[in-house]
Amino acid sequence: MASNELEGLMLGQIEKKLRMKIPRQQMPAQDPKERIHNFKEVPNGFTPALAVKEAQRCLQCKKATCMDGCPVDVDIPGFLQLITEGRFSDAAKQIKLTNSLPAVCGRVCPQEEQCEITCVLAKKFTPVAIGHLERFVADWEREHNETEIPEIAPPTGKRIAVVGSGPAGLTVAGDLIKLGHAVTVFEALHKEGGVLVYGIPEFRLPKAIVKAEVDFLASMGVEFKSSYVIGRIKGIDELFEEGYDAVFIGTGAGLPNFMGVPGENLNGIYSANEYLTRSNLMRAFDFESHGTPVMAGNSVAVLGGGNTAMDSVRTGLRFGAEHARIIYRRSRKEMPAREEEIHHAEEEGIEFQFLTAPIRFLGDENGWVKQMECIKMELGEPDSSGRRRPVPIKDSNYMIDVDTVVIAIGNSSNPLIPRTTPGLETNKWGNIVADDETGLTSRKGVYAGGDIVTGGATVILAAGAGKKAARAIDDYLKNL
Amino acid sequence: MNEIVYKEDLYPNITLFRISTPELVNKAEAGQFIILRAYEDSERIPMSIGGLDREKGLLTIVVMEVGKSSAEIVRMEVGEKFLDVVGPLGIPTHMEDFGGTCIVIGGGVGIPPILPIAKALKDHGNKVIGIIGARTEDLLIYEAELGAVCDQLVITTDDGSKGIQGFVTHALQKLIDDGEPIKFVMSVGPVIMMKNIARTTEPHGIPTWVSLNPIMVDGTGMCGGCRVSIDGKSKFACVDGPDFDGHKVDFDELIQRQAMYKPQEKVAYDDFLHKCRIGLGKK
């Protein structure tokens with residue numbers, strides 16, 4: 001460890017009463033005025049001093065309620081304690097015992113709804129910034145080249161095929177390789193990481209970090225096969241014929257939903273998946289060297305209120321839009337996006353039009369979208385999701401001028417694997433039916449987890465599902 | 001894998017490649033497509049399959065230079081490897097014994113993909129008539145290959161330099177007028193050609209399928225960029241197609257969508273050609 005970086009740090013635990021007096025430490029971030037012109041990461045991360053101070057706020061509860069909120073069972077008080085001792089890389093290793101992707105999860109997990117909401121301090125004060133600290137130690141370990149390959153069990157001779165290299169698949173691969181199984185991860189795109197590379201923008205999750213996580217798995221012995229579409233070049237049954245003993249399907253929520261309103265196929269109207277894939281995976285923001293174009297509109301409207309909508313609208317802003325707005329049919333309170341993302345978007349000057357829904361798109365003579373007719377909504381009775389249902393207000397129609405529209409209203413399940421795998425049960429939305437606790441599907445030896453099972457959810461829930469499935473696959477293989 | 005083993009310029013801006021991709025070739029069927037990426041910073045380009053040699057594991061594609069990405073590809077040489085050849089993608093062309101004559105129609109770089117389709121139709125016991133069209137005789141490709149497979153091959157040129165003067169639709173109309181018992185028409189080529197073919201057969205109720213090649217990114221259903229309106233509903237060409245009932249396709253919308261990036265394509269292409277001229281290009 002670079003000792004000079006630790007010089008002057010006030011290490012060690014402090015008295016409990018004093019801990020509660022320390023305010024939650026704020027993570028430095030790029031100035032909004034600067035960052036809207038670049039794709040660099042927005043928050044800069046804790047300094048060692050900030051990290052130690054923040055970790056010292058942890059009360060080290062005997063019954064750590066924070067852990068109840070973590071889908072991957074990270075020993076939170078344990079790694080926070082290590083931070084207070086200045087043992088940052090050890091803290092990262094502690095997390096990695098149960099979470100293969102700390103640098104990713106530290107950035108994109110909704111901690112405020114998981115570990116931080118259940119932190120004891122949250123009741124009277126503000127919770128410990130567990131996410132920021134997770135990110136800090138993972139970055140520390142990587143940047144100081146202190147990543148070590150963990151102990152790997154002796155080879156079991158069993159082979160597992162993982163389909164999809166998103167958060168679910170990477171977690172399964174990481175957990176099973178440690179247990180001595182041979183793991184091959186198949187990825188349809190040319191880069192591993194799934195939604196972490198094609199979906200989440202550089203300014204929220206630098207791709208170098210995803211690559212480092214993938215490289216780490218590869219260094220443990222995971223074999224990656226990219227540009228390889230399971231369900232096309234090879235079916236699930238053929239994987240078994242080739243000698244794989246079990247298969248995990250983590251193909252994600254792969255089919256973008258559209259609204260079904262007139263004019264939706266006009267030029268300049270994208271699904272969020274396409275808009276973000278062009279920008280992130282295909283590097284459209286660097287058109288000169290990559291040549292993948294995207295419409296860099298002047299007036300961008302993004303439909304939806306989730307994290308993907310925030311990612312899209314902030315991408316539009318960075319492409320140089322004068323007006324980048326969110327159009328959402330409910331109010332701010334109902335938006336599913338993380339508070340942090342909404343806050344960042346607001347800081348950057350994103351305009352929000354709540355209680356508004358498009359009813360048609362109008363194009364120019366060349367088929368380019370130029371206007372969007374919207375209707376105002378009001379909130380009625382709660383619907384099945386528990387949120388109040390938006391109801392159109394009669395005769396409230398009005399027009400918005402737009403040249404780029406991004407539809408970010410969620411995804412349906414990709415049909416490729418269900419269509420080509422006999423006996424694989426799906427529900428009415430086309431999601432693969434899998435056991436909550438084990439991920440086992442209707443097919444023997446075939447497990448599934450992540451968005452392909454749940455529909456669009458979060459990175460950490462996918463990782464959690466991968467974790468459970470890995471455990472179940474290991475049990476299954478032991479008894480094979 | 002992905003090595004170019006044969007290259008032939010069919011015409012100054014049309015190049016044929018045979019690529020060694022045994023696993024893909026073994027699995028691919030007529031009517032499917034691939035996505036090709038030449039270099040690390042290249043676009044992902046969907047391409048029709050223009051031939052499958054299962055014994056040698058060779059995939060044939062025919063590329064016309066129309067922009068930066070295709071320009072990069074046609075400058076690659078035997079022995080070089082494409083970075084990615086992904087596939088087979090899409091649903092194969094529907095095959096059965098149609099109990100009558102099948103017509104396969106190709107235009108431009110849409111001609112090569114009809115060869116594997118014609119072969120498969122023959123294998124299913126059909127009588128197959130091929131129609132291929134080009135502006136002028138020199139631009140006709142795959143004449144011998146198709147002639148060897150089809151029961152009959154009809155050629156049209158816009159300038160009358162070979163075969164029937166006019167468009168492929170004229171040849172098709174003539175076959176209909178002559179009372180040929182046509183049970184299935186399959187066409188691959190420029191959108192405007194496929195639109196006119198569908199128009200020609202519609203009054204006669206002849207089942208007519210077209211292979212669509214809209215702008216696409218991932219090719220697995222994820223991006224939705226390739227959506228086309230079929231009977232008023234959006235379908236994804238990559239997972240629901242590429243073949244669709246030509247009588248239900250909104251061709252005008254497709255033509256509009258294909259033009260989406262024309263200005264950027266021109267910028268990228270001009271820049272590429274400029275770099276080639278000053279010696280900074282890929283080749």
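Only this structure's heavy atoms are used, side chains among them; waters, hydrogens and symmetry mates stay out. Everything numeric here is computed off the predicted structure, so don't read it as measured data. Here is the naming used below: chain letters follow the sequence lines, and residue numbers restart at 1 for every chain.
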### Task
Give a yes or no on whether a salt bridge exists between A:Glu373 and A:Arg360, defined as a side-chain N under 4.0 angstrom from a carboxylate O.
yes
### Lys/Arg cation over aromatic B:Tyr269: B:Lys266, 6.0 Å, 45° cone
no
### Message
For the interface with chain A, which of B:Gly224, B:Gly225, B:Pro263, B:Gly221 has the highest count of heavy-atom pairs at distances below 4.5 Å?
### Response
B:Gly221
### Query
Where does B:Val217 contact chain A at under 4.5 Å (heavy atoms): side chain, backbone, both or neither?
side chain
### Message
Heavy-atom cut-off 4.5 Å, strictly under: side chain, backbone, both or neither for A:Ile269 against chain B?
### Response
both
### Task
Among the options A:Asn366, A:Leu266, A:Asn411, pick out the one with the most heavy-atom pairs lying under 4.5 Å from chain B.
A:Asn366
#### Entry: Which atoms of B:Ile45 approach chain A - backbone, side chain, both or neither, heavy atom under 4.5 Å
neither
### Query
Which region of B:Cys226, side chain (C-beta onward) or backbone (N, CA, C, O), has a non-hydrogen atom less than 4.5 Å from a non-hydrogen atom of chain A, or is it both or neither?
neither
### Query
Which residue out of B:Gln256, B:Met222, B:Lys27 racks up the most heavy-atom pairs below 4.5 Å with chain A?
B:Met222
### Query
Side chain, backbone, both or neither: which part of A:Leu255 has an atom under 4.5 Å from a heavy atom of chain B?
both
### Query
Within 45° of the ring axis of B:Phe236 and under 6.0 Å from its six-membered ring centre, is that where the NZ or CZ of B:Arg227 lies?
no
### Query
Who wins among B:Glu253, B:Lys233, B:Arg44 for the most heavy-atom pairs under 4.5 Å with chain A?
B:Arg44
### Query
Checking heavy atoms, do the side chain of A:Tyr198, its backbone, both or neither come under 4.5 Å from chain B?
side chain
### Message
What I want to find out is whether A:Lys207 reaches A:Glu202 closely enough, with some N-O distance under 4.0 Å, to be called a salt bridge.
### Response
no
### Query
Crowded around B:Arg54 CZ? As in, over 12 foreign heavy atoms under 6.0 Å?
yes
### Query
Does NZ in B:Lys7 sit with more than 12 non-hydrogen atoms of other residues, nucleotides or ligands closer than 6.0 Å?
yes
#### Entry: Top contributor to chain B contacts, counting heavy-atom pairs under 4.5 Å, from A:Asn273, A:Thr251, A:Asn267
A:Asn267
### Query
Between B:Glu65 and B:Arg75, is there a salt bridge with N-O shorter than 4.0 Å?
yes
### Query
For A:Thr277, is it the side chain, the backbone, both or neither that has a heavy atom under 4.5 Å from a heavy atom of chain B?
side chain
### Query
Is B:Lys248 atom NZ crowded by more than 12 heavy atoms from other residues, nucleotides or ligands, each under 6.0 Å away?
no
